[in-house]
There are 2 protein chains.
Amino acid sequence: MHVSPHIPTLDDVANAAGVSTATVSRCLNEKQKVSPKTLSKVMEAVESLGYTPNFNARAMAAKQSHTIGAIIPTMENAIFARGLQAFQETLLEQGYNLLVSSSAYQPKLEAQQIRELVARGADGLLLIGYERDEAVYDYLARRGIPTVLAWASMPDKGHASVGFDNRASMRLLADRVIEMGHRRIAVISGITEGNDRAAGRLAGIQDSWQAHGFDLAALPVIETPYETENGAAAFAELMQADEKPTVVMCGNDVLASGAISKARDLDLDVPGDVSVTGFDDIELAKHVFPALTTVHVPHRQMGRIAAQSLVGLIEKRSEKVTRQLDVSIVMRASLTSI
Amino acid sequence: MHVSPHIPTLDDVANAAGVSTATVSRCLNEKQKVSPKTLSKVMEAVESLGYTPNFNARAMAAKQSHTIGAIIPTMENAIFARGLQAFQETLLEQGYNLLVSSSAYQPKLEAQQIRELVARGADGLLLIGYERDEAVYDYLARRGIPTVLAWASMPDKGHASVGFDNRASMRLLADRVIEMGHRRIAVISGITEGNDRAAGRLAGIQDSWQAHGFDLAALPVIETPYETENGAAAFAELMQADEKPTVVMCGNDVLASGAISKARDLDLDVPGDVSVTGFDDIELAKHVFPALTTVHVPHRQMGRIAAQSLVGLIEKRSEKVTRQLDVSIVMRASLTSI
DNA sequence: TTGTAGGCGTTATCAC
DNA sequence: GTGATAACGCCTACAA
């Protein structure tokens, strides 16, 4: 005999406790408005029935889900892991849940995910970077969905955001590299199209290069997706040049770790034969050998502040702001003077 | 002047198109039941209004969400990334969306996340491993939520699952290590309590050790959470023994990469002074130096099959099965004969 | 092929 | 402090 499973509802609890559904709802959401007696009576019923509120019904009736959505470009590597972790922790403290999805660095997919999350009733959104179709911003505005952008910071764009200046940060590192005597720099950049962070980082190197009076045409650049394998391949290609670079600056740590790994395959010593730099300072950066010189990003701080701003916006306790965080250069063994 | 944003509903579309809500609903869900004429008329209205169906309302009315939930122990490192990726891809092909959350290796948190996902209307669940409170299984059964367990396979437990035999797999590797002449083995295991995969892997080493006639008391074991730092610390501790091990076998690649990294700090050559092995064969394993000898797990295959079984269960097209996948040993530079 | 209407499980606004 | 009752936005018999 097969009994189709009956999932207990508010009604069931109300019946079992001998009160109305309204009262049960109060017991669950605003205990203080209910007499201790009935409260305990109701809670007993809840327990014994194994009742769990239906999220969808609740969201629909209350017109808010206490859920916020985040869309990150990738979950494959740890680039966003620490920041997102902090984001989520802070959200939980504030009584919000997090829904994450990944756009695989595809603007169209991101737009779709945004609609999906909004359709699911997300009270607010966390997005990475600025660059996306204006239609997306329109959509968000029309629907009145509070949104915070992270991992970048461009104060004049008028969006709420918390991040850092990718361009200026990378320039800092490039300046350092040049000061250390490097004159033959090669770059492995992430794909810049549709990715303002990658574009900014590349531009930062170019800024520094030109400011030191060098010719842009003499700065080899390979653009490739953020994956270890690609970093390795690009490195191999760059090292085939007649004038080999003395340093390879990479758009992030993942690319850089691929480069280092390939250097070993090619029997090249890092930093003896060629220096390598990264960006992000993810966990990996400390554990590759030689350890990576990179730009340290305050991941956790960024995640925490993003959560606070977003909740502030949702609960209309604060206005849109753009917070620019400080980064720092972390000198490790992979970069040496010349 | 501030206009509170009006979000278009089925009603709005119906009005705009001059049809009933039922017809609009059909246009969205079962096009074939609608005349081409009205279809195009309706779709136009949908477009121009920028209508997106409300997920919560839909799920509630249809009593299914086309969403499946997955709870993995951690997102911090890439252990589950590839498998989950394949899981999601397959799910999308079948018209299902994936909701992921992480339990931080805490059974209580996992139980909570399960309730959360079920409350959100998940049609089915993917869980990692077998070991959890019986009450959880009861809950799932009572609610009739199809569930598939992955990353482990214990046919006699009577749960739908797709994975591999952690114990037998690790034993394979341990046999190999011993065959290669190692007689002083030390182990860095994950926390075994509440984690059948970690426990199985440790047991596999012990099986092999005893089968070769050695004493369990002479097999040093440190249990520590799956993080690089912990692998490093445990390695340092193990190498302080009077009788230094000739090989350190680690519960997974993350632990192993920490061990290798620490070896370098201690000026120990791997595998010259001491060999190191891992488990999982995640991306990292190829890129650490020296590259890791490890147990290759068919991540993508596992994810794909898990998705297919789960959808099969949900749509009642198939019965619970437990699929046991083959693993293989990948020999790389971190392990050498003695 | 299309429309009508009831119901999904909550919350929230009223009275009482 | 508690109880009716009307939303919330959609799906789905059922009827036309």
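The chains referred to below are lettered A, B, ... by the order of the sequence lines, with proteins before strands, and numbering in each begins at 1.
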- Item | Any residue meeting side-chain hydrogen bond (donor to acceptor under 3.5 Å, both in side chains) with B:T67, in chain and number order, not counting sequence neighbours | A:R120
- Taking for each residue the nucleotide of DNA chain D bearing the nearest heavy atom, is the 5' side occupied by A:V34 or by B:F55? A:V34
- Item | Angle by which the axis turns from one end of the helix from C:dT1-D:dA16 to C:dC16-D:dG1 to the other, five pairs per end, to 10 degrees | 30°
- Spacing of B:K33 atom NZ relative to D:dC14 atom C1', expressed in whole Å: 12 Å
- Message: Under the rule for side-chain contact (heavy atoms from CB on, under 4.5 Å), what residues qualify as partners of B:E319, not counting sequence neighbours?
- Response: none
- Task: Please name all residues satisfying ring-ring contact (aromatic ring centres under 6.0 Å, His included) with B:Y96, sequence neighbours left out, ordered by chain then number.
- Result: B:H66
- Task: Could you list the residues that satisfy side-chain contact (heavy atoms from CB on, under 4.5 Å) with B:T147, not counting sequence neighbours?
- Result: B:L125, B:L127, B:L140, B:I145, B:L149
Exercise answer: donor-acceptor pairs, residues 43-53 of chain B side-chain atoms, under 3.5 Å, sequence neighbours excluded:
residue, atom, partner, partner atom, Å
B:S48, OG, B:A45, O, 3.3
B:T52, OG1, A:R115, NH2, 3.4
B:T52, OG1, A:R143, NH2, 3.4

- Item | Summary of protein contacts for nucleotides 8-16 of chain C, nucleotide by nucleotide, where a base hit scores B, a sugar-phosphate-only hit scores S (4.0 Å, heavy atoms) | BBBBBB---
- Query: Over how many whole Å does the gap from B:H6 atom NE2 to D:dC8 atom P extend?
  - Reply: 10 Å
- Item | A:Y130 and A:S161 side chains, donor-acceptor separation under 3.5 Å | yes
- Short side-chain N/O contact from B:T23 to OP1 or OP2 of C:dG3, under 4.0 Å: yes
- Message: Is B:S35 close enough to C:dT2 that one of its side-chain N or O atoms is under 4.0 Å from OP1 or OP2 there?
- Response: yes
- Positions of residues 114-122 of chain A (non-hydrogen atom under 4.0 Å from DNA chain D), listed by number: none
- Query: What residue pairs, at least two apart or across chains, pass ring-ring contact (aromatic ring centres under 6.0 Å, His included) with a residue in residues 98-117 of chain B?
  - Reply: B:Y105-B:Y226
- Can you check the B:L49 CG to D:dG9 P distance for me, whole Å? 14 Å
- Check whether any side-chain N or O of B:S25 sits under 3.5 Å from a backbone N or O of B:T21 as a donor-acceptor pair, and report yes or no. no
- Note on the structure: Here the salt bridge (charged side-chain N to carboxylate O under 4.0 Å, His left out) pairs for residues 80-105 of chain A, sequence neighbours left out, are A:E89-A:R300
- Pairing residues for B:A61 by the side-chain contact (heavy atoms from CB on, under 4.5 Å) criterion, not counting sequence neighbours: none
- Task: Name all pairs fulfilling the side-chain hydrogen bond (donor to acceptor under 3.5 Å, both in side chains) condition that reach into residues 53-62 of chain B, sequence neighbours left out, sorted by first residue then second.
- Result: B:N29-B:R58
